[in-house]
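Not measured: the values here are computed from a predicted model. Order of listing sets the numbers, starting from 1, for every ligand and every atom in it.
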Amino acid sequence: MALISPSRRLRRTPFSDGVEAAGVKGYTVYNHMLLPTVFRSVGEDYRHLKTAVQVWDVACERQVELRGPDAARLMQMLTPRDLRGMLAGQCFYVPMVDETGGMLNDPVAVKLAEDRWWISIADSDLLLWVKGIAYGYRLDVLIDEPDVSPLAVQGPKAEELMVRVFGEAIRAVRFFRFGWFGFQGHDLLIARSGYSKQGGFEIYVIGSEVGMPLWDALFAAGADLDVRAGCPNLIERIEGGLLSYGNDMTRENTPHECGLGRFCNVETAIGCIGRDALLRVSMEGPVRQIRAIEIPGDPVPPCDRIWPLTDGRGRRVGRVTSAAASPDFGGNVAIGMVRMTHWDEGTRLVVETPVGEREAVVRERFWL
Ligand code: THG
């Protein structure tokens with residue numbers, strides 16, 4: 001494939017110098033920003049992520065900040081997940097939908113205070129939707145994209161590395177909670193979260209000044225832990241069932257189709273946009289849903305377009321939207337959307353890949 005031409009529109013991050021020095025081999029574009037996709041090879045990065053600790057430049061997980069008296073009200077308008085029980089210091093994975101119930105984003109909501117929230121967005125221009133809603137409803141809230149850049153520390157040795165840099169207190173941070181930690185005179189918000197199933201933390205770095213000093217400190221402290229630069233890993237995230245907005249779901253899908261019904265409380269999320277549409281789909285249930293798909297045999301190429309799923313007789317029953325060869329499961333792991341008639345565990349289907357037809361088997365999940 002050709003190179004990506006750099007320009008100001010394709011934003012660098014506070015950690016880009018470190019990423020380049022570490023020998024990044026591939027990038028994608030996410031929220032108009034560089035996101036590394038591979039350092040050594042996707043397979044080598046995968047094995048290392050599952051055994052050691054990696055530092056990820058995920059600055060592309062941009063924050064949409066809501067600040068002001070109407071911040072909490074606006075936040076509840078944006079998601080069908082009930083936020084009434086959410087405390088400052090918590091993070092919630094929240095589907096966001098339009099008035100038809102179509103997925104607009106699947107961010108992590110970070111509650112800093114009753115009147116101050118961050119929406120840590122996936123790859124869509126959510127800021128424009130949020131500003132439009134606030135303006136249309138004349139809400140008393142300021143909305144912008146602050147200069148905040150998440151740096152993730154992921155892997156089984158992540159906690160050990162974090163303790164060395166931030167102290168023992170980091171151990172007390174629970175899953176999807178955060179605390180404030182000092183580093184060279186800067187306050188950093190650190191949550192136990194991240195886009196892998198290997199455990200770890202996300203450091204929300206405010207401003208760009210402390211980016212490289214923090215990057216360097218993590219590598220200096222973790223030399224004997226074999227800390228390496230890494231990135232969200234395609235194989236590991238498919239195995240873990242972590243969805244990718246724009247790949248596995250779009251505005252065409254409801255949260256229920258995406259298997260995100262457990263993050264929707266349509267009865268109690270009063271005031272949420274799309275509530276009427278979602279009340280219908282949550283009553284009737286979806287007629288297609290995201291499934292883990294196994295594609296036995298040789299490695300398939302990257303899934304950069306829809307791969308149709310058919311039954312044995314050539315009739316269309318769904319699609320595959322992400323796929324990768326998995327060293328630990330053998331064959332290929334994939335994510336797809338499958339019609340109700342064919343979504344049961346063990347159903348054998350055919351997937352049309354760019355390299356020809358392959359067997360596909362519906363799975364409950366890849367992870368345990
Ligand atoms: N961290 C932060 N921002 C993000 C992501 C992240 N923004 C973009 C993207 N990732 C948003 N998508 C997801 C998808 C899955 C999860 C988080 C963000 C996730 N899911 C867990 C799971 O499914 O096992 C836990 C969900 C839960 O139980 O609440 O972590 O990664 N800052």
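Residues of the protein with a heavy atom under 4.0 Å from ligand 1 are Y30, E61, Y93, D106, V108, S120, I121, A122, F175, F176, G194, Y195, K197, E202, Y204, L242, F263, listed by chain and number.
Closest approach of S16 and D57 over heavy atoms only: N-OD2, 4.0 Å. The minimum heavy-atom distance between I121 and P107, with the atom names listed, is CA-CB, 3.8 Å.
Remark: D304 pairs with no residue by the salt bridge (Lys or Arg N to Asp or Glu O under 4.0 Å) rule, at least two apart or across chains.
In this structure, the side chain of R339 engages the main chain of R316 through a donor-acceptor pair within 3.5 Å.
For the 3.5 Å distance criterion, the side chains of H48 and Q54 qualify, holding a donor opposite an acceptor. When only modelled atom types and interatomic distance are considered, K131 and Y135 share no side-chain donor-acceptor pair under 3.5 Å.
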